[in-house]
There are 2 protein chains.
Amino acid sequence: MKGYGQFCPIAVACEVFAERWTPLILRELLAGSRRFGDLRRGLPLISRTLLAQRLRELEDAGVVQSRPLPSGRGREYQPTQAAEELRGVIDLLGAWGQRWVRAQYNLENLDMTMLMWNVRRRIDRRRLPARRVVVRFEFRAVPPRLRGFRGCWLVLERTGVDLCLKDPGFEVDLLVTADAATIARVWMGAVSFPDAVRSGGLRVEGPRDLVRAFPSWLLLSHFAHVDHPVRAS
Amino acid sequence: MKGYGQFCPIAVACEVFAERWTPLILRELLAGSRRFGDLRRGLPLISRTLLAQRLRELEDAGVVQSRPLPSGRGREYQPTQAAEELRGVIDLLGAWGQRWVRAQYNLENLDMTMLMWNVRRRIDRRRLPARRVVVRFEFRAVPPRLRGFRGCWLVLERTGVDLCLKDPGFEVDLLVTADAATIARVWMGAVSFPDAVRSGGLRVEGPRDLVRAFPSWLLLSHFAHVDHPVRAS
DNA sequence: CAGTATCCGATGCGATACTG
DNA sequence: CAGTATCGCATCGGATACTG
């Protein structure tokens, strides 16, 4: 059976929004992803088939509009006004998840590529120094499933931030060495940056001024500062 | 595969919230339903098996708490604080649905029992006269699937409102005759009460003062007053 | 790379029957 | 009434192979 057989606005909204993967596809679109490959990077476990199908459904529902790229191959997927007005729903849902669902940091669910891709998106560029800063990340205690991704580079400039999975060739200014799980916890707000350093799960090396400034460039997850009811009570 | 394999708060929230039927079950709980049968009345198409399964999942997630009824049989299902904090998500989702999804009033999706059950919940009791008012509803143009439910009674008192599917025996004060689809459209805010009367889709008969006051008792759907972008532009 | 077509296996879910 | 146990099927979705 398709749909809920009700004309209640909540029910019809759910028929569009509450399908499997759909809220996460919208999360990616509203975070700025526009191309098929970018969407997949943010949704590592979705299959190409299903992503294509969901994008078509969203387009039929008027939530996404797509058009061929000028480059000839592939399409650009753009969220419509209807999608933009779902941002509030998604943000509230995320805040609720942060408050009420204890995420599994047990590393089953850890994808460092996706994590660093998100970190890249949440750099406070206005706080960067005028010159380019290259940060090398080296991960320790990486879950066996993720061998092959032991580190990456973040190239920080006021004009834009790049994530490199291979050595971009620039001289490295800062070296960040960290347990995979510690990075995740800091990102999620479960542990503060200074506490992570104190506990030894994370270390930053380089010129003193850059080391000191580095944490202030990280905006962390949108939900890092949502307070947790268990923590509060 | 179960879950999204991400620790993003949006993803974990979706694993709890965005399952099939779950938002609608929460809608019913937050609207005041507490018993299995009440929930089913608001979700006519869900199977008992699935409703029971979802309630168990919600209880495991800490969103619902249940306990046996003092009467011995059946349980009471109570939304927890976590559920209460989903109200904002559900309300926003409903407002979005009202704005962006054109509901199908084609009567495929029309369940008069559920509709009147909702009407009952949205009576502004403070506006009622001091004495009891009994309203008889007679439906016209009822879709064939729904034969057998041609009308009902609403017993309005300041102390409470009852919906009767069988004649409660009281003397009738007001007679409302209406097309099933017209009632639905008025409830949803797609058409105003006076317009429905003018178009002939709805008629109210009885003492003049009661007829005049009647529309003011109806609060209509929570989303009846959300403005529609198509209508606006 | 950016998808589409096809196949087939897992599972989600309804129907039915049963219990207190 | 308020559920639970079981069965069987439909559909959802992943894997694979293919196209431009």
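All figures in this text were calculated on a predicted structure; none of them were measured in a lab. Below, chain A is the first sequence line, B the second, and so on; all start at residue 1.
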For this session: Could you please spell out the steps behind the side chain to side chain contact (heavy atoms under 4.5 Å, CB included) verdict for B:V133 and B:W217?
Result: CA-CA 11 Å; B:V133 180; B:W217 305 337; 4.1 Å; yes
For this session: Using a strict cut-off of less than 4.0 Å between a Lys/Arg side-chain nitrogen and an Asp/Glu carboxylate oxygen, indicate whether B:R136 and B:E171 qualify as a salt bridge.
Result: no
For this session: Flag the pair A:R54 and A:E57 as a salt bridge only when some basic side-chain nitrogen lies within less than 4.0 angstrom of an acidic carboxylate oxygen.
Result: yes
For this session: Just say parallel, tilted or perpendicular for the rings of A:Y77 and A:F36, cut-offs at 30° and 60°.
Result: tilted
Exercise. Hey, does B:R56 reach any base, or is it just sugar-phosphate, or nothing, if we go heavy atoms under 4.0 Å?
Worked result: sugar-phosphate
Problem set entry | Atom-to-atom span, CZ of B:R75 to P of D:dT4 - whole angstrom | 8 Å
Problem set entry | N/O (side chain, B:R40) to phosphate O (OP1/OP2, D:dA2) under 4.0 Å | no
Problem set entry | Nucleotide pairing, DNA chain D (Watson-Crick or G-U, distances under 3.5 Å), in dot-bracket with [ ] and | | ||||||||||||||||||||
Problem set entry | Whole angstrom value for the distance that separates C1' of C:dT4 from CG of A:L55 | 14 Å
For this session: Inspect the surroundings of CD in A:Q65 and state if more than 12 heavy atoms from other residues, nucleotides or ligands are less than 6.0 Å away.
Result: no
Check the interface with nucleotides 15-20 of chain D: list each N/O to N/O pair with the protein under 3.5 Å, or write none.
{"from": "D:dA15", "atom 1": "N6", "to": "A:T49", "atom 2": "OG1", "distance (Å)": "3.2"}

Problem set entry | SB check A:D173 A:R131 (cutoff 4.0 Å) | yes
Problem set entry | Salt bridge flag under 4.0 Å for residues B:D38 and B:R41 | yes
Exercise. For the pair made of CZ in A:R41 and C1' in C:dA2, what is the distance, rounded to whole Å?
Worked result: 15 Å
Exercise. Are A:R35 and A:E76 within salt-bridge range, i.e. N to O under 4.0 Å?
Worked result: no
Exercise. In whole angstroms, how far is the P atom of D:dT11 from the CZ atom of A:R20?
Worked result: 19 Å
